[in-house]
Amino acid sequence: MDKVLKIGIVGCGAIGKDHCRRIIDTVPGATVVAVSDYVPAAADDLAAKYGIRSFGNDCKGMIADPEVEAVLITSIDPTHHDYVMETLKYEKWCFCEKPLSQNAKDCEDIINRELEIGKRMVQVGFMRRYDRGYAEMKRIIDSGEIGAPLLIKACHRNVSQGPGFKTENGITNVAIHELDICRWLLGDEYEDAQCVRVRQSANSNKGYDNPQVVLLRTKKGCFIDVEVQVADGYGYDIQCEVVCENGTVKLPDPYAVVRRNRPAGWDSVAPAECMPIMTDWKERFIEAYDIEMIKWVESIHAGKLTGPSSWDGYVACVAGDALNASRGTSQFFKVETMEKPELYK
Ligand code: ISE
């Protein structure tokens, strides 16, 4: 790969910094040439670390800069739509962290703009599709060896949330991963969705619901149940089991060493073993993030994006809208998408 793709990053928070390091240190055929952030000092610090250009808080100026060939959007969720649209104004390649937008309506703008350009320009950061555990689950399901999928039981637990977090963000920022990965695993689309408020955890006295239970039914009749805890106080714990007709597949834990020995004084009662649990989501899916970024750059060099599309970002937001609308109604809300354009088939 001779050519080096020149990337500009909008958003120098946790994942922005992480992707910057990843691209500079580990992704072949790409480098970061510029960074920007609504907090200018955050951009300046990251730029100084790697000796690259800082555009301070002039994110749009950075997107427009002729040196920048591709834009990575890792700013806060409510800004994604505008920065994607700005990137598409210059018909530059775009990688947008999840969620693509805050609602389906905004995703439609992005889809319409891509249709106008006539080419896929945007990839959405649904990195779980690159995780070896999920990929192997999908391979087994698709092989048909254990029959048709019937149910998914999943859980998404975060340690805590920063200030300003709202109940709806439990869907738009957190469960959005399951909204993508479940339809991908099943090769199926959602029929309807309901968000259920259950007994609240003592960790939830911050003004948002915790836990919430997300229920989804698919067109083929599968039932999905996702426990969403945005503040569990103990770890970043992601679980997923797909129940098929003749067996099940379950997401492996990232690493789980079980110690076996006979401690002094041990009699007939086994000492409680502890499962190592991570707390940082960037670490839990580090390999998936690496593969995702490598493949994004490879696909740009090949001239054709292959990863999660604006359509995928849109479908997740349509389901998210239905879930947020259903809260408190005890009813399933239809997940109704527009017709899928040829570009995304
Ligand atoms: C966080 O905001 C993310 O962006 C991660 O992708 C997600 O897995 C995590 O649960 C969120 O809190």
Side-chain angles (χ1 to χ4, degrees), residues 9-22 37 42 72-81 83-84 95-102 123-134 152 154-182 184-185 195 201 203-204 206-214 226-240 251-254 277-293 296 307-308 312-313 316-317 319-320 323-324:
I9 299 182
V10 180
C12 302
I15 191 69
K17 281 191 208 138
D18 206 42
H19 282 328
C20 186
R21 173 203 51 77
R22 171 171 293 113
D37 191 288
L72 189 80
I73 300 170
T74 46
S75 48
I76 53 168
D77 295 1
T79 63
H80 289 183
H81 164 267
Y83 289 135
V84 173
F95 180 100
C96 181
E97 265 306 337
K98 40 60 61 176
L100 180 57
S101 291
Q102 290 296 85
Q123 176 162 328
V124 181
F126 287 133
M127 79 297 176
R128 289 191 186 182
R129 294 186 185 201
Y130 299 95
D131 175 74
R132 277 193 285 172
Y134 281 115
I152 295 187
C155 101
H156 186 149
R157 301 188 190 131
N158 272 267
V159 188
S160 59
Q161 297 299 332
F165 193 86
K166 299 195 186 73
T167 296
E168 308 83 80
N169 304 141
I171 307 299
T172 60
N173 178 270
V174 177
I176 197 86
H177 282 295
E178 276 74 19
L179 297 181
D180 180 64
I181 207 71
C182 290
W184 181 76
L185 281 173
C195 182
S201 150
N203 294 324
S204 75
K206 309 243 171 47
Y208 48 76
D209 286 4
N210 178 55
Q212 307 186 56
V213 175
V214 161
V226 189
E227 170 208 317
V228 183
Q229 284 205 59
V230 296
D232 65 15
Y234 79 90
Y236 185 64
D237 200 357
I238 303 299
Q239 297 175 31
C240 181
L251 185 70
D253 282 300
I277 296 281
M278 291 177 165
T279 50
D280 184 346
W281 46 268
K282 296 187 303 308
E283 291 301 314
R284 166 64 179 85
F285 286 108
I286 191 160
E287 192 188 49
Y289 282 120
D290 287 349
I291 300 172
E292 167 190 61
M293 215 36 76
W296 177 58
D312 298 313
C317 285
L323 286 162
N324 275 330

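Start at 1 and go down the list; that is how both ligands and their atoms are numbered. For clarity, every value in this text was computed on a predicted model and none was experimentally measured.
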Handout entry: Criterion salt bridge (charged side-chain N to carboxylate O under 4.0 Å, His left out) on R157 and E227, from CA distance to verdict
Key = CA-CA 8 Å; R157 301 188 190 131; E227 170 208 317; 2.6 Å; yes
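- Side-chain contact between L251 and Y134: present, with at least one pair of heavy atoms (C-beta onward) separated by less than 4.5 Å.
- From the protein, the heavy atom lying nearest to atom 8 (O) of ligand 1 is Y236 OH, 2.4 Å.
- Salt bridge status for E292 with R129: absent, with no side-chain N to carboxylate O gap under 4.0 Å.
- By the criterion of a heavy-atom distance under 4.0 Å, neither the backbone nor the side chain of F285 is placed next to ligand 1.
- For H156, the heavy-atom gap to ligand 1 drops under 4.0 angstrom.
- Near H177, meaning under 4.0 Å from any of its heavy atoms, are these atoms of ligand 1: 5 (C), 6 (O), 7 (C), 8 (O).
- For the pair K98 and ligand 1, a heavy-atom separation below 4.0 Å is found.
- With P308 as reference, Q123 is the one residue of K98, Q123, R128 to meet the side-chain contact (heavy atoms from CB on, under 4.5 Å) rule.
- Counting protein heavy atoms only, atom 11 (C) of ligand 1 is closest to N173 OD1, 3.5 Å.
- Under the 30°/60° scheme for interplanar angles, the aromatic rings of F95 and H19 are found to stand perpendicular.
- Between L323 and L179 the shortest side-chain heavy-atom distance falls below 4.5 Å.
- Among the atoms of N158, some N or O lies under 3.5 angstrom from an N or O of ligand 1.
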